[in-house]
Every structure is written in structure tokens, then in C-alpha cells.
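Scroll down for the structure; my scribbles are underneath it.
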Amino acid sequence: QEEQQSNLLQEESPVQLSASKQIILVIEDDYDMRKYLHQYLSPHFEVLTEDNAFSGYETALKYIPNLIITDIMMPGMNGLELCNNLKNDFHTSHIPVIILTAKAAEEDLLKGYQSGAEIYITKPFNPLELIARVKSQMRRYTQLGSAASATSEHIYTTGGLTVNDD
């Protein structure tokens with residue numbers, strides 16, 4: 001029955017992504033939490049959902065979302081392994097990751113940051129705080145991307161010689 005529910009929720013995530021909305025990938029094995037996050041985030045963002053880290057990783061490679069929210073405790077690959085894999089893959093290493101989990105011990109928090117996560121939020125959580133943190137991360141990475149592309153347009157490196165076209 002949960003598989004049927006998962007398929008219904010996935011149908012809510014459009015295949016044709018809006019060019020005007022930033023994309024968030026939610027990876028959460030609990031159907032109710034996944035549905036809640038989808039409903040809460042979708043007015044602000046284009047939301048893709050996956051129920052496990054393996055399919056979440058594939059979706060991240062396919063769509064290159066602007067941000068990923070993942071749980072830690074999932075069957076198969078856990079959220080820490082997923083985060084580590086994302087951060088070590090050239091195609092996804094720039095994507096901010098928010099870990100949203102019930103694991104509240106300081107040791108778990110440290111493992112989350114060591115895996116490469118930018119933010120670690122424990123459940124239960126304040127949805128307004130989640131939205132604020134998501135928007136903050138997206139602004140930060142948009143600004144960093146703009147600064148990097150502006151810099152790379154004006155500096156050229158050839159065989160150890162750097163030339164600035166200003």
C-alpha cells in the first residue's frame with residue numbers, strides 16, 4: 001500500500017519542470033513526512049520526491065536540483081552515505097544538502113556535517129524555519145554562482161600564464 005501511495009505522490013511532482021521555480025529534491029522514506037514536505041514546499045518551489053537514497057541520487061543526477069532535503073535513517077543507503085556521494089560527485093557537489101532527521105545526538109549532528117551537509121535540522125521542526133533556511137541557502141549558492149561566473153568570464157589561464165581581460 002505504501003508503494004501505491006508513493007506512486008501517487010510522485011505523480012504530484014511534474015515531469016515538466018517550471019523554469020521560474022527553483023527545484024528541491026526531497027528524499028524521505030516516510031510517506032506522511034514526504035507528503036507533508038511536498039505540500040508545504042510546493043507553493044514556493046518545484047518539488048521532486050524520492051522514497052530512498054538510491055533513487056534520490058539518480059534523480060539528483062538527472063535533474064540537478066537547486067537543493068536537496070534528506071532524512072538519515074532510510075533502508076539501503078542512508079542519508080549520510082547519500083550526502084557523501086553527492087558531495088564527491090562533480091555533477092552534484094555544489095548542491096546544498098539539508099539533513100532533516102529525528103537523530104538529535106551531537107554525534108549524529110557532527111556526522112551530518114562531516115558528510116558534507118550544509119544544514120542539520122532535527123524533527124520535530126518548525127516549517128517556517130525550514131523555508132527560511134532553504135531560501136537562505138538558495139540565495140547564497142545563487143550569489144556564489146554569479147560571482148564565480150563573473151570572475152571566470154574575465155580571467156583566462158594558459159600554461160601557467162594568467163591573463164585578465166580588463
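The structure displayed is predicted, hence computed values, not measured ones. Throughout, residue positions are numbered sequentially from 1 according to the sequence presented. Reckoned from all heavy atoms, side chains included, excluding hydrogens, waters and symmetry mates.
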Legend entry - side-chain contact (heavy atoms from CB on, under 4.5 Å) evaluation trace for Asp29 with Asp71: CA-CA 8 Å; Asp29 63 327; Asp71 191 7; 3.5 Å; yes
Inset, instruction - Could you grab the distance from atom CG of Leu37 to atom CZ of Arg34, nearest 0.5 Å is fine? - result: 10.0 Å
Legend entry - Connected via hydrophobic side-chain network under 4.5 Å: Ile121 and Leu110: no
Inset, instruction - Flag the pair Thr70 / Leu100 as yes when at least one side-chain heavy-atom distance between them is below 4.5 Å, and no otherwise. - result: no
Legend entry - Salt bridge Lys62-Glu58, side-chain N to carboxylate O under 4.0 Å: no
Inset, instruction - Answer whether the closest heavy-atom distance between the side chains of Ile69 and Leu41 falls below 4.5 Å. - result: yes
Inset, instruction - Mind listing the closest non-hydrogen atom pair of Pro65 and Ala60 along with its distance? - result: CD-O, 3.5 Å
Inset, instruction - Quick one: list whatever passes side chain to side chain contact (heavy atoms under 4.5 Å, CB included) with Ser136, sequence neighbours left out. - result: Arg139
Inset, instruction - Answer yes or no: is there a side-chain heavy-atom contact under 4.5 Å between Ile64 and Thr92? - result: yes
Legend entry - Ile95 vs Leu86, side-chain contact (heavy atoms from CB on, under 4.5 Å): CA-CA, chis, key distance, verdict: CA-CA 8 Å; Ile95 301 171; Leu86 290 165; 5.6 Å; no
Inset, instruction - Carefully, step by step, assess Asn85 and Tyr57 under the rule side-chain contact (heavy atoms from CB on, under 4.5 Å). - result: CA-CA 8 Å; Asn85 290 345; Tyr57 185 71; 4.0 Å; yes
Inset, instruction - Step through the shown structure and confirm whether more than 12 heavy atoms of other residues, nucleotides or ligands are within 6.0 Å of CD on Glu129. - result: yes
Legend entry - pair Val47-Ser42: side-chain heavy atoms closer than 4.5 Å: yes
Legend entry - Any Thr101 side-chain heavy atom under 4.5 Å of Asp108 side chain: no
Inset, instruction - Name the orientation class of the two ring planes belonging to Tyr36 and Tyr40 (parallel below 30°, tilted from 30 to 60°, perpendicular beyond 60°). - result: parallel
Legend entry - Gap between atom CD of Glu28 and atom NZ of Lys35 - 0.5 Å precision: 14.5 Å
Legend entry - Those residues that, when tested against Glu81, pass side chain to side chain contact (heavy atoms under 4.5 Å, CB included) (two or more places apart): Met77, Asn78
Legend entry - Verdict with supporting geometry, Leu82 and Ile27, side-chain contact (heavy atoms from CB on, under 4.5 Å): CA-CA 10 Å; Leu82 169 69; Ile27 306 166; 3.4 Å; yes
Legend entry - Crowding at NE2, His44 (>12 non-hydrogen neighbours, <6.0 Å): yes
Legend entry - Distance, nearest 0.5 Å, that separates CG of Leu67 from CD of Gln22: 9.0 Å
Legend entry - Non-hydrogen side-chain atoms of Met138 and Ile24 separated by less than 4.5 Å: yes
Inset, instruction - Measure from the side-chain N and O atoms of Asn88 to the backbone N and O of Asn84, and report whether any donor-acceptor pair falls under 3.5 Å. - result: yes
Legend entry - Ser115 OG to Tyr120 OH distance, which is reported to the nearest 0.5 Å: 9.0 Å
Inset, instruction - Work out which heavy atom in Tyr113 is nearest to a heavy atom in Ala117; give both atom names and the distance. - result: CD2-O, 3.2 Å
Legend entry - Minimal non-hydrogen separation, Gly112 against Ile99, with atom names: CA-CD1, 3.7 Å
Legend entry - Side chain proximity check, Lys87 to Glu118, heavy atoms < 4.5 angstrom: yes
Legend entry - NZ/Lys123: more than 12 non-hydrogen atoms of other groups inside 6.0 Å: yes
Legend entry - Counterpart residues, side chain to side chain contact (heavy atoms under 4.5 Å, CB included), relative to Thr59 (two or more places apart): Leu25, Leu48, Glu50, Tyr63
Inset, instruction - Could you tell me which non-hydrogen atom of Lys21 sits nearest to which non-hydrogen atom of Phe45, and how far apart they are? - result: CD-C, 3.7 Å
Legend entry - Check: Val134 and Ile98 side chains under 4.5 Å, non-hydrogen atoms: yes
Inset, instruction - Answer with yes or no whether the hydrophobic clustering places Val97 together with Leu61; edges join I, L, V, M, F, W, Y residues whose side-chain heavy atoms lie under 4.5 Å apart. - result: yes
